[in-house]
**Q** 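I'd like to ask some things about the structure below.
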Amino acid sequence: MTGYAHHGFAVHYDVTNQIHIEGTIHAVRYRNPHAEISVRVQDENGEETIWSCETQASSILARKGITKDRFPIGEPIAITGAKARRHPTRCEISSARLPDGETVTMRSEQGHAN
């Protein structure tokens with residue numbers, strides 16, 4: 001028999017360390033157990049970094065009406081979320097301002113799923 005485990009939010013992300021990034025959508029992995037949006041971010045010196053931002057499962061996003069086509073590659077996105085504990089350019093999305101201007105909340109700033 002095969003067993004599967006699922007990690008807890010607090011193990012990987014620090015809810016007390018909220019970050020805000022703005023950039024363009026680099027890649028989208030619309031899947032379960034977590035979808036992931038890669039964002040190309042440019043700092044004040046012009047240096048580019050790719051952030052990997054995890055969110056809820058694609059099945060949960062779909063129930064909220066958030067489909068993969070809401071994340072077109074190359075379009076702008078702004079993300080607020082909990083910074084990863086061990087990876088300097090990873091986060092878990094609390095809210096995102098999508099390219100069409102809508103802001104969606106996926107997790108409260110206290111770490112509770114919405």
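By convention here, the first residue in the shown sequence is residue 1. These numbers were taken from a predicted model, which means no experiment stands behind them.
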**Q** Among Lys64, Arg97, Arg70, exactly one meets salt bridge (charged side-chain N to carboxylate O under 4.0 Å, His left out) together with Glu102. Which residue is that?
**A**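 The option that passes is Arg70.
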**Q** Could you tell me whether the side chain of Ile37 reaches within less than 4.5 Å of the side chain of Trp51, counting heavy atoms only?
**A**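 Answer no - side chains too far apart.
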**Q** Between Ser94 and Gln18, what is the shortest heavy-atom contact and its length?
**A**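 Here Ser94 and Gln18 meet closest at OG-OE1, 3.6 Å.
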**Q** Do the side chains of Thr24 and Ile77 get nearer than 4.5 Å, heavy atoms only?
**A**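 With C-beta onward as the side chain, the pair stays apart.
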**Q** Could you check whether Arg29 and Ser38, counting side-chain N and O atoms only, form a donor-acceptor pair closer than 3.5 Å?
**A**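 Judged by distance alone, the side chains do pair up.
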**Q** Can you find a heavy atom in the side chain of Ile21 that is under 4.5 Å from one in the side chain of Val39?
**A**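 A side-chain contact exists here, since the closest heavy-atom pair is under 4.5 Å.
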**Q** Take Thr67 and Leu61, measure what side-chain contact (heavy atoms from CB on, under 4.5 Å) needs, and give me the verdict at the end.
**A** CA-CA 7 Å; Thr67 58; Leu61 295 175; over 6 Å; no
**Q** Could you tell me whether the side chain of Asn32 and the main chain of His34 form a donor-acceptor pair under 3.5 Å?
**A**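 The answer is no, because no donor-acceptor pair under 3.5 Å joins these two groups.
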**Q** State, without any angle test, whether His20 and Glu22 hold a side-chain donor-acceptor pair at a distance under 3.5 Å.
**A**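 Indeed, the side chains of His20 and Glu22 share at least one donor-acceptor pair under 3.5 Å.
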**Q** Examine distances only and state if a side-chain atom of Gln56 and a backbone atom of Ile60 form a donor-acceptor pair shorter than 3.5 Å.
**A**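 No; zero donor-acceptor contacts below 3.5 Å.
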**Q** Is there a continuous path of hydrophobic side-chain contacts, each under 4.5 Å between heavy atoms, that joins Val41 to Ile73?
**A**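 Yes, because Val41 and Ile73 connect within a single hydrophobic cluster, where side-chain heavy atoms sit under 4.5 Å apart.
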**Q** Going by atom types only, do Glu36 and Tyr30 share a side-chain donor-acceptor pair under 3.5 Å?
**A**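 No - no donor-acceptor pair under 3.5 Å links their side chains.
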**Q** Would you say Ser52 and Arg90 are linked by a side-chain donor-acceptor pair, where the criterion is simply a distance under 3.5 Å?
**A**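 Per modelled atom types, Arg90 and Ser52 side chains form a pair under 3.5 Å.
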**Q** Side-chain contact, heavy-atom cut-off 4.5 Å: Ile25 with Pro99?
**A**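 Ile25 reaches Pro99 side chain to side chain.
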**Q** Any idea which heavy atoms bring Ile93 and Met106 closest together, and the distance?
**A**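 Minimum heavy-atom contact is O-CB, 3.9 Å.
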**Q** Under 3.5 Å, is there a donor-acceptor pair between the side chain of Lys83 and the main chain of Asp14?
**A**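 Pair absent, no side-chain N/O of Lys83 close to backbone of Asp14.
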**Q** Can you confirm whether Leu98 sits close enough to Val104 that some side-chain heavy atom of one is under 4.5 Å from a side-chain heavy atom of the other?
**A**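 In short, these two side chains touch, coming nearer than 4.5 Å.
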